[in-house]
Amino acid sequence: MKKITIAIDGFSSCGKSTMAKDLARKIGYIYIDSGAMYRAVTLYCIQNNLFKGDDLDLVKLEEAIRNIKIYFRLNETTSLPEVYLNDINVEKEIRTMEVASKVSLVSAVGFVRKEMVHLQQQMGAEKGIVMDGRDIGTVVFRNAELKIFVTADPQIRAQRRLDELRSKNDFDTTFEEVLENIKQRDYIDQNRDESPLRQAEDALVLDNSQLTKEQQMQWLLDKFNYLTSQ
Ligand SMILES: Nc1ncnc2c1ncn2[C@@H]1O[C@H](COP(=O)(O)OP(=O)(O)O)[C@@H](O)[C@H]1O
Ligand SMILES: Nc1ccn([C@@H]2O[C@H](COP(=O)(O)OP(=O)(O)O)[C@@H](O)[C@H]2O)c(=O)n1
């Protein structure tokens with residue numbers, strides 16, 4: 001069967017990666033978490049002291065950006081792609097609240113986006129890919145055959161993210177901190193000049209506030225099956 005490109009965009013912590021991963025596994029496509037790439041650049045900035053508070057040293061970052069090597073490699077146990085920063089697996093380090101609190105500042109920078117979008121387009125050149133993020137259907141793969149825009153109630157999203165942090169033994173972060181971070185990132189992501197988070201005109205919208213992971217997966221699979229059976 002001819003392979004297509006699937007773009008899943010939407011707000012923070014609403015289940016995009018979960019859906020994208022599940023679908024990719026089911027249909028045998030590659031899965032790419034584009035947010036992990038912006039998180040990896042953010043980790044680089046933190047590790048190299050490019051932040052003074054919320055001020056980012058753009059001169060140093062621009063000098064460094066071409067030498068920041070980011071790629072995914074499959075974890076053989078989970079069969080899921082994991083992100084590498086300059087040849088080090090940083091899959092765990094990029095999921096901290098420290099990175100979450102800075103990532104929207106880094107992802108708003110034009111030259112960072114240019115590099116990441118270029119890499120993402122290379123990864124999807126052969127189609128057969130499910131990529132999730134903020135600008136996949138509007139910028140990275142404007143011609144994607146299937147575009148989904150996911151949303152959910154912020155309180156529900158914060159609780160989901162908090163449960164995830166707890167499951168990773170983070171018992172320090174509070175519900176209020178997670179909710180605040182989600183709202184802040186949504187605001188910056190929607191209001192930045194470069195590729196702001198927008199619903200593509202041809203995207204199908206899913207509010208999964210009241211859906212289980214299984215239900216949202218079935219919804220997505222139905223859309224995929226319908227499209228590819230045409
Ligand atoms: N429908 C759902 N119901 C409950 N929890 C969900 C649902 N979808 C995803 N989750 C959980 O919510 C958290 C955020 O999901 P994730 O896929 O990482 O979101 P995103 O990629 O949009 O940031 C994860 O811990 C995930 O397991
Ligand atoms: N295609 C993308 C993906 C992520 N991002 C940025 O990267 C951040 C982290 O993305 P993510 O997908 O890991 O976020 P979560 O919703 O999983 O917390 C977002 O808040 C955006 O600022 C982006 O600008 N463009």
Side-chain angles (χ1 to χ4, degrees), residues 7-24 31-43 45 70 80 83 90-91 93-110 112-121 123-124 130-141 144 147-168 170 173 178-179 181-198 200 206-220:
I8 303 187
D9 290 304
F11 294 101
S12 167
S13 312
C14 53
K16 302 180 299 297
S17 313
T18 305
M19 294 170 69
K21 234 178 268 177
D22 288 353
L23 180 68
Y31 162 63
I32 295 292
D33 173 0
S34 69
M37 300 168 71
Y38 292 98
R39 285 173 177 268
V41 179
T42 306
L43 183 67
C45 295
I70 291 174
L80 287 171
V83 70
V90 291
E91 190 57 37
E93 288 80 356
I94 61 166
R95 308 285 168 198
T96 62
M97 279 303 283
E98 189 187 11
V99 171
S101 70
K102 300 264 190 273
V103 63
S104 286
L105 301 173
V106 174
S107 70
V109 178
V112 172
R113 300 205 71 79
K114 199 165 160 224
E115 287 295 320
M116 296 306 115
V117 169
H118 178 65
L119 287 173
Q120 290 153 7
Q121 288 173 337
M123 293 173 194
V130 187
M131 190 177 288
D132 80 298
R134 301 294 186 287
D135 62 340
I136 311 306
T138 52
V139 175
V140 181
F141 301 129
K147 296 184 188 179
I148 310 291
F149 190 86
V150 194
T151 181
D153 180 277
Q155 303 266 340
I156 291 176
R157 291 192 268 137
Q159 189 58 51
R160 289 176 182 170
R161 194 35 65 84
L162 186 73
D163 292 344
E164 182 185 323
L165 290 169
R166 295 281 183 267
S167 75
K168 292 176 182 165
D170 175 349
T173 309
V178 177
L179 182 61
N181 175 255
I182 282 178
K183 285 185 177 168
Q184 227 170 44
R185 278 199 289 137
D186 285 352
Y187 181 82
I188 302 176
D189 293 348
Q190 283 177 289
N191 291 285
R192 66 188 178 210
D193 293 335
E194 297 281 339
S195 318
L197 169 62
R198 293 269 185 282
L206 174 69
D207 182 332
N208 69 1
S209 303
Q210 305 302 331
L211 298 186
T212 63
K213 290 182 191 176
E214 292 71 27
Q215 287 171 326
Q216 71 199 19
M217 174 60 204
Q218 195 54 52
W219 180 91
L220 185 56

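All ligand and atom numbering here is 1-based and tracks the order in the structure. Hydrogens, waters and symmetry mates are skipped; everything else that's a heavy atom, side chains included, is used.
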Inset, instruction - Could you list the residues that satisfy side chain to side chain donor-acceptor pair (under 3.5 Å) with Thr138, not counting sequence neighbours? - result: none
Legend entry - Partner residues of Thr96 under the side chain to side chain donor-acceptor pair (under 3.5 Å) criterion, sequence neighbours left out: none
Would you say the side-chain atoms of [X] and [Y] include a donor-acceptor pair closer than 3.5 Å?
X	Y	answer
Arg185	Ser104	no
Ser13	Arg161	yes
Arg160	Asn208	yes

Inset, instruction - Write down, by chain and number, every protein residue that brings a non-hydrogen atom to less than 4.0 Å from an atom of ligand 1. - result: Phe11, Ser13, Cys14, Gly15, Lys16, Ser17, Thr18, Asp132, Arg160, Arg161, Glu164, Leu211, Thr212, Lys213, Gln216
Legend entry - Salt bridge flag under 4.0 Å for residues Asp9 and Arg134: no
Inset, instruction - In plain terms, say whether Asp33 and Arg95 are close enough for a salt bridge, that is, a side-chain N and a carboxylate O under 4.0 Å apart. - result: yes
Legend entry - Min side-chain heavy-atom separation Leu206-Phe149 under 4.5 Å: no
Legend entry - Residues in the immediate environment of ligand 2 (any heavy atom closer than 4.0 angstrom): Ser12, Ser13, Lys16, Ser34, Gly35, Tyr38, Arg39, Val103, Ser104, Ser107, Arg113, Gly133, Arg134, Asp135, Ile136, Arg161, Arg185, Asp189, Arg192
Legend entry - Gap separating the CD atom of Gln120 from the CG atom of Asp135, nearest 0.5 angstrom: 6.5 Å
